[in-house]
Colleague: 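Have a look at the structure that comes next, please.
Chain A is the first sequence line, chain B the second, and so forth, proteins listed ahead of strands; every chain is numbered from 1.
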Amino acid sequence: MTQNAMNFADAPVGAFELLAQDGAARLGRLKTAHGVVNTPIFMPVGTVGSVKAVAPDDLAALGAEIILGNTYHLYLRPGDELVQRRGGLHNFAAWPRPILTDSGGFQVFSLEGLRKITEEGVEFRSHLDGSKHLFTPEKVISIQRNLNSDIMMVLDECVPFGAAYDYTAKSLELTTRWALRAREAYPRGAGQNLLFAITQGGFHKDLRSESVAQLREHDFDGFAIGGLSVGESKEIMYDLLAHTAPLLPAHKPRYLMGVGTPLDIVTGIGMGVDMFDCVLPTRNARNGTLYTSLGKVNIKRKEYAEDDSPLDPNCNCYTCRTFSRAYLRHLFTAQEILSYRLNSLHNLTYFLDLVRGARKAIAEGRFAEFQAGVEALYA
RNA sequence: GGUGGGGUUCCCGAGUGGCCAAAGGGAACAGACUGUAAAUCUGUCGUCUUACGACUUCGGUGGUUCAAAUCCACCCCCCACCA
């Protein structure tokens, strides 16, 4: 193991090593320019260069290994060139550990009505001031290079749940062409930033297969599954995930984008996914829903008004060590700023503990049991 | 003591004869949130287990009217200014 670790220290950026496997679940590590990421991993989302309500030193203390930023948001404000002049996003945001940036592909989906898709790219209308901007696969690489993210994502089209078969088929081909243009704009060896491709295919297994087939032979550092959790049922999502995950190259990291709930994450790990990101722990923290070892807790409920017990007796985070449910409910009800911070600290701890627990379970060959435990709580 | 203004459902506050169980906001209670246009959004919010329904409400009492939170009379309270 020590020998192994030594070898990995010398491994080039982009190296991905599988250390153990338990069923389809994988334990691994990925080397980036700003450090090693242990997988399976959950990546807190910091869209505009900040994990909302949580400072970098807190994140580090929580054991966050890698966070997300967003190309679209940072390009609009403060501008990727401004960030570049300040030494890149790591320096600008005082986060020395790895950063993955989303390409703006999700905004193709979420800003429907404010964008127009063509072969060349996506024309966006800024949600901030209405100004027009063109995102091409090449432009998006350039922005992410300016941000200097450790893992860059290719521009893709994320199609909505109800999308027609023909549209989805054409869209997946476009996403492939865009991915190849991105790779061409940033050839291997041109820098230390990794580049991940994104598979699409909507809600048809044959299209999912086709998308993977078109991308998997190309030279990307990792492969993502995009376009899931966009309004479909869990059954449908898990069915497609079970179909798609095994098709991805085994020797590269697999990233399920934008997912998910504790149950989704554990299910994904069980199907061989290595990386996850989701706004859920931080957004729900700000909206009063907290994840605990006892299940979901909606902290604003009246029943907690005089509950002096900790939020989660099995959690060792600052929030749970220090405050009562009654106080947390009070802070939330009073809309105190501290509420957002304490709730976010806890939820992120829960999600990070979840993947740490999963890694341990895989290493010890008892992942199925671990998964069953989470299912009992959150299914 | 005089003049003017006012008392509306938990709070603030619209409503001046029927379309009013009564706008809107707040509070309260509950729910949603999945590559963040989200410290956001939705629902309930007089009582009757559900309501197309029934019943009780708009300071008090009495009256006018087919019909009153809305009109009239008297009474009670509050506010402003003047004495």
Colleague: Checking base pairs now: Watson-Crick or wobble, both atom distances under 3.5 Å. What partners U3(B)?
Modeller: A80(B)
Colleague: Using only atom types and a distance under 3.5 Å, with no angle test, would you say the side chain of S211(A) pairs donor to acceptor with the backbone of R208(A)?
Modeller: no
Colleague: Using atom P in both nucleotides, what's the gap between G35(B) and A54(B) to the nearest angstrom?
Modeller: 49 Å
Colleague: Report which part of the nucleic acid D264(A) touches: base, sugar-phosphate, or nothing (heavy-atom distance under 4.0 Å, all strands).
Modeller: base
Colleague: Whole Å only: how far is the CD1 atom of I337(A) from the C1' atom of A39(B)?
Modeller: 9 Å
Colleague: Counting the atoms with a prime plus P, OP1 and OP2 as sugar-phosphate, which does L111(A) contact under 4.0 Å by heavy atoms, base, sugar-phosphate, or nothing?
Modeller: base
Colleague: To the nearest Å, how far apart are L241(A) CG and G35(B) C1'?
Modeller: 14 Å
Colleague: Which of the following nucleotides, C33(B), G35(B), A37(B), is nearest to the side chain of L280(A)?
Modeller: C33(B)
Colleague: Mind checking if Q200(A) touches a base, just sugar-phosphate, or nothing, with heavy atoms under 4.0 Å?
Modeller: base
Colleague: Tell me the interatomic distance from M43(A), atom CE, to G35(B), atom C1', rounded to whole angstroms.
Modeller: 8 Å
Colleague: Measure across L194(A) and D221(A) and return the closest heavy-atom pair with its distance rounded to 0.1 Å.
Modeller: CA-OD2, 3.3 Å
Colleague: Identify whether any heavy atom of T333(A) sits under 4.0 Å from a base atom; if not, whether one sits that close to sugar-phosphate; answer base, sugar-phosphate or nothing.
Modeller: sugar-phosphate
Colleague: Going by the side chain to side chain donor-acceptor pair (under 3.5 Å) test, name the single residue among R97(A), Q192(A), H90(A) that passes it with H34(A).
Modeller: H90(A)
Colleague: By nearest nucleotide on RNA chain B, pick out whichever of Q335(A) and F106(A) is the more 5' one.
Modeller: Q335(A)
Colleague: Mind calculating the distance between CE (M275(A)) and P (G35(B)) to the nearest angstrom?
Modeller: 15 Å
Colleague: What is the distance, rounded to the nearest whole Å, between atom CD1 of I299(A) and atom C1' of A39(B)?
Modeller: 16 Å
Colleague: At under 4.0 Å, does any side-chain N or O of R286(A) touch on OP1 or OP2 of C41(B)?
Modeller: no
Colleague: Quote, to the nearest angstrom, the C1' distance that separates C11(B) from C45(B).
Modeller: 14 Å
Colleague: Indicate the atoms forming the closest heavy-atom contact of F223(A) with L215(A), along with that distance.
Modeller: CE2-O, 3.4 Å
Colleague: Regarding L128(A), tell me which of base, sugar-phosphate or nothing describes its non-hydrogen contacts under 4.0 Å with the strands shown.
Modeller: nothing
Colleague: Let me know the distance between CZ of F332(A) and P of A27(B), rounded to the nearest Å.
Modeller: 12 Å
Colleague: Does a side-chain N or O of N298(A) approach OP1 or OP2 of A30(B) to a distance below 4.0 Å, or not?
Modeller: no
Colleague: With both distances kept under 3.5 Å, what pairs with A30(B), Watson-Crick or G-U wobble?
Modeller: U42(B)
Colleague: Where the side chain of R301(A) is concerned, which of A30(B), C33(B), U34(B) is the nearest nucleotide?
Modeller: A30(B)
Colleague: Can you say whether the rings of Y327(A) and H330(A) are parallel (under 30°), tilted (30 to 60°) or perpendicular (over 60°)?
Modeller: tilted
Colleague: Under 4.0 Å, counting only non-hydrogen atoms across every strand here, what does T289(A) touch: a base, just sugar-phosphate, or nothing?
Modeller: base
Colleague: What integer number of Å spans the P atoms of C71(B) and G6(B)?
Modeller: 11 Å
Colleague: Check this one for me: any side-chain N or O of R283(A) less than 4.0 Å away from OP1 or OP2 of A39(B)?
Modeller: no
Colleague: Could you label the plane-to-plane angle of the Y291(A) and F351(A) rings as parallel, tilted or perpendicular, counting under 30° as parallel and over 60° as perpendicular?
Modeller: perpendicular
Colleague: Looking at C19(B), which nucleotide sits across from it as a Watson-Crick or G-U wobble partner, both distances under 3.5 angstrom, or is there none?
Modeller: none
Colleague: Per the atom types in the model, does the base of G35(B) pair as donor or acceptor with the side chain of D156(A) at under 3.5 Å?
Modeller: yes
Colleague: Check whether the ring centres of H73(A) and H127(A) lie less than 6.0 Å apart, and answer yes or no.
Modeller: yes
Colleague: Determine the contact category for T282(A): base if any of its heavy atoms lies under 4.0 Å from a base atom, sugar-phosphate if only primed atoms, P, OP1 or OP2 are that close, otherwise nothing.
Modeller: base
Colleague: Rounding to the closest angstrom, what is the interatomic distance between G43(B) and C77(B) at atom C1'?
Modeller: 39 Å
Colleague: Does U61(B) pair with anything, Watson-Crick or G-U wobble, both distances under 3.5 Å, and if so, with which nucleotide?
Modeller: A73(B)
Colleague: Consider the side chain of K300(A), meaning its heavy atoms from C-beta on, and name the nucleotide among C33(B), G31(B), G35(B) that approaches it most closely.
Modeller: G31(B)
Colleague: For RNA chain B, whose closest nucleotide is more 5', that of K302(A) or that of D277(A)?
Modeller: K302(A)
Colleague: Rounding to an integer number of angstrom, what distance separates C29(B) and A73(B) when you compare their P atoms?
Modeller: 46 Å
Colleague: Is the Y75(A) to F135(A) ring centre distance short of 6.0 Å?
Modeller: yes
Colleague: Distance check, C1' atoms only: G18(B) and A39(B), in whole angstrom units.
Modeller: 46 Å
Colleague: With rounding to whole Å, what would you report as the distance between C58(B) and G53(B) at their P atoms?
Modeller: 23 Å
Colleague: Expressed in whole Å, how much space separates the C1' atoms belonging to G17(B) and C72(B)?
Modeller: 13 Å
Colleague: Ignoring the backbone of R329(A), work out which of U36(B), C29(B), U34(B) is nearest its side chain.
Modeller: C29(B)
Colleague: Check the distance between C29(B)'s C1' and E303(A)'s CD and give it to me in whole angstrom.
Modeller: 12 Å
Colleague: Taking only side-chain N and O atoms of S110(A), does any of them lie within less than 4.0 angstrom of OP1 or OP2 on G35(B)?
Modeller: no
Colleague: Atom CZ of R125(A) to atom C1' of A37(B): distance rounded to whole Å?
Modeller: 15 Å
Colleague: Hey, does the side chain of T47(A) come within less than 4.0 Å of U36(B)'s phosphate (OP1/OP2), counting only N and O?
Modeller: yes
Colleague: Indicate whether OP1 or OP2 belonging to G35(B) is found under 4.0 Å from a side-chain N or O atom of Q107(A).
Modeller: no
Colleague: Under 4.0 Å, counting only non-hydrogen atoms across every strand here, what does L100(A) touch: a base, just sugar-phosphate, or nothing?
Modeller: nothing
Colleague: So that I can tick it off, tell me whether R341(A) and D58(A) are bridged by a salt bridge, with the cut-off set at under 4.0 angstrom between side-chain N and carboxylate O.
Modeller: yes
Colleague: From C-beta outward on N287(A), which listed nucleotide comes closest to its side chain: U34(B), U36(B), A32(B)?
Modeller: A32(B)
